[in-house]
Amino acid sequence: MKIISTISEMQNASQEARMAGLRIAVVPTMGCLHEGHISLIEKAKQLANFVIVTIFVNPTQFGENEDFSTYPRTFDRDCQICKDLTVDVIFAPQDNEMYHSDASTWVEEIQLSENLCGKTRKGHFRGVTTVVAKLFNATMPHKAIFGQKDAQQALIIKRMIRDLNFPVEMIIAPTIRENDGLAMSSRNKYLSEKERKTAPIINQLLIEIEEKLLNEQAISVESLKEYFTSSITAVGGKVDYIEIVDANNLKNITDKQLDDITNTEILIATAVYMNTTRLIDNQLILHNDVS
Ligand code: PAF
């Protein structure tokens with residue numbers, strides 16, 4: 001396994017792999033790899049024969065008061081995990097390799113980025129799309145694997161690929177959960193013992209809301225949101241947002257649409273603070289598919 005830190009070396013390695021007829025899959029990460037990332041890497045291994053994992057804690061997607069400086073960095077451990085999974089290349093550039101000090105070009109998606117996390121994390125998705133575009137240009141993949149846990153991010157990147165004609169096929173892999181249902185996340189590391197015990201309630205409530213949506217008549221979006229918020233507040237959490245949206249355009253679902261949801265793919269998406277730790281999760285309702 002090669003560890004590459006410059007863009008030119010990465011591009012050369014990908015060029016060579018392409019010349020040798022290999023299919024390249026990239027798994028973009030910010031490191032601190034867990035079972036969720038491992039499942040993405042395993043998926044990449046099934047779909048391609050040259051697998052690149054990128055490890056870069058991207059400063060441009062963190063807001064001023066967010067956790068960029070404290071974001072967990074476990075590079076040696078990450079390398080060992082990738083080696084064990086027979087990853088071909090880790091691309092791990094430094095900040096100044098990825099961003100010139102006078103960088104002034106952004107990639108920005110302006111519709112899907114408005115709702116959900118975009119409301120409280122201004123500029124976050126602009127940082128994500130910019131860095132993912134740069135990572136695509138550095139790694140030149142045929143396929144890119146992202147997790148469903150970051151549902152909004154996945155949809156925005158899919159839109160970017162379409163709108164900017166990136167020759168990359170995007171694959172969205174299912175959310176991997178702890179045994180008690182908590183979605184795997186590098187930020188779970190921040191939780192105290194007590195918060196960790198409470199956090200699975202997020203997933204439980206999302207499933208309850210899904211069941212109510214599918215089985216109960218005459219329910220309102222507002223009542224479901226209130227139920228979620230009061231249940232989270234009761235266990236000491238704070239809801240950043242809870243929304244029920246159309247899974248294809250992230251627009252809020254109306255009560256009228258709830259009367260017949262058989263033709264609408266629905267995403268129930270939330271961000272919840274457990275003390276200072278912000279956790280996101282979602283539940284996708286696809287009517288003819290398995291979510
Ligand atoms: O999902 C993440 O870890 C990041 O947002 C990504 C896609 C690697 C971009 O920095």
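Note that ligands are numbered from 1 as they come in the structure, with each ligand's atoms numbered from 1 the same way. As the structure is a prediction and not an experimental result, all values here were calculated from the model.
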Chemist: Does an N or O anywhere in Asn58 fall below 3.5 Å from an N or O of ligand 1?
Modeler: no
Chemist: Evaluate the side chain to side chain contact (heavy atoms under 4.5 Å, CB included) criterion for residues Arg187 and Asp67: first the C-alpha distance (whole Å), next the side-chain angles of each, then the deciding distance (0.1 Å), finally the verdict.
Modeler: CA-CA 10 Å; Arg187 290 190 169 100; Asp67 54 345; 2.9 Å; yes
Chemist: Among all the protein's non-hydrogen atoms, which is closest to atom 3 (O) of ligand 1, and how far away is it?
Modeler: Met30 CG, 3.6 Å
Chemist: Taking everything shown except Lys189 itself, do over 12 heavy atoms lie less than 6.0 Å from its NZ?
Modeler: yes
Chemist: Give me the residue, atom name and distance of the protein heavy atom closest to atom 10 (O) of ligand 1.
Modeler: Gln61 OE1, 2.6 Å
Chemist: Give a yes or no on whether Gln111 atom CD has more than 12 heavy-atom contacts from other residues, nucleotides or ligands under 6.0 Å away.
Modeler: no
Chemist: Find all atoms of ligand 1 within a distance of less than 4.0 Å from any non-hydrogen atom belonging to Pro28, and give their numbers and elements.
Modeler: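 Near Pro28, the atoms of ligand 1 are 8 (C).
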Chemist: Answer yes or no on whether Lys134 is positioned over the face of Phe56, meaning its NZ or CZ is under 6.0 Å from the six-membered ring centre and within 45° of the axis.
Modeler: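 No, a cation-pi geometry is absent between Lys134 and Phe56.
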Chemist: In terms of heavy-atom contacts, does NZ of Lys158 have more than 12 from other residues, nucleotides or ligands at under 6.0 Å?
Modeler: no
Chemist: Could you point out which residue of Lys197, Gln204, Arg196, Arg177 forms a side chain to side chain contact (heavy atoms under 4.5 Å, CB included) with Leu182?
Modeler: Arg196
Chemist: Considering non-hydrogen atoms of the protein only, which is the closest contact for atom 1 (O) of ligand 1, and what is the distance?
Modeler: Gln153 NE2, 2.8 Å
Chemist: Considering the heavy atoms of Thr29, write down every atom of ligand 1 situated less than 4.0 Å from one of them.
Modeler: 8 (C)
Chemist: Run the numbers for me: atoms of ligand 1, each under 4.0 Å from some heavy atom of Val131, listed by number.
Modeler: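 Close to Val131: 9 (C), 10 (O).
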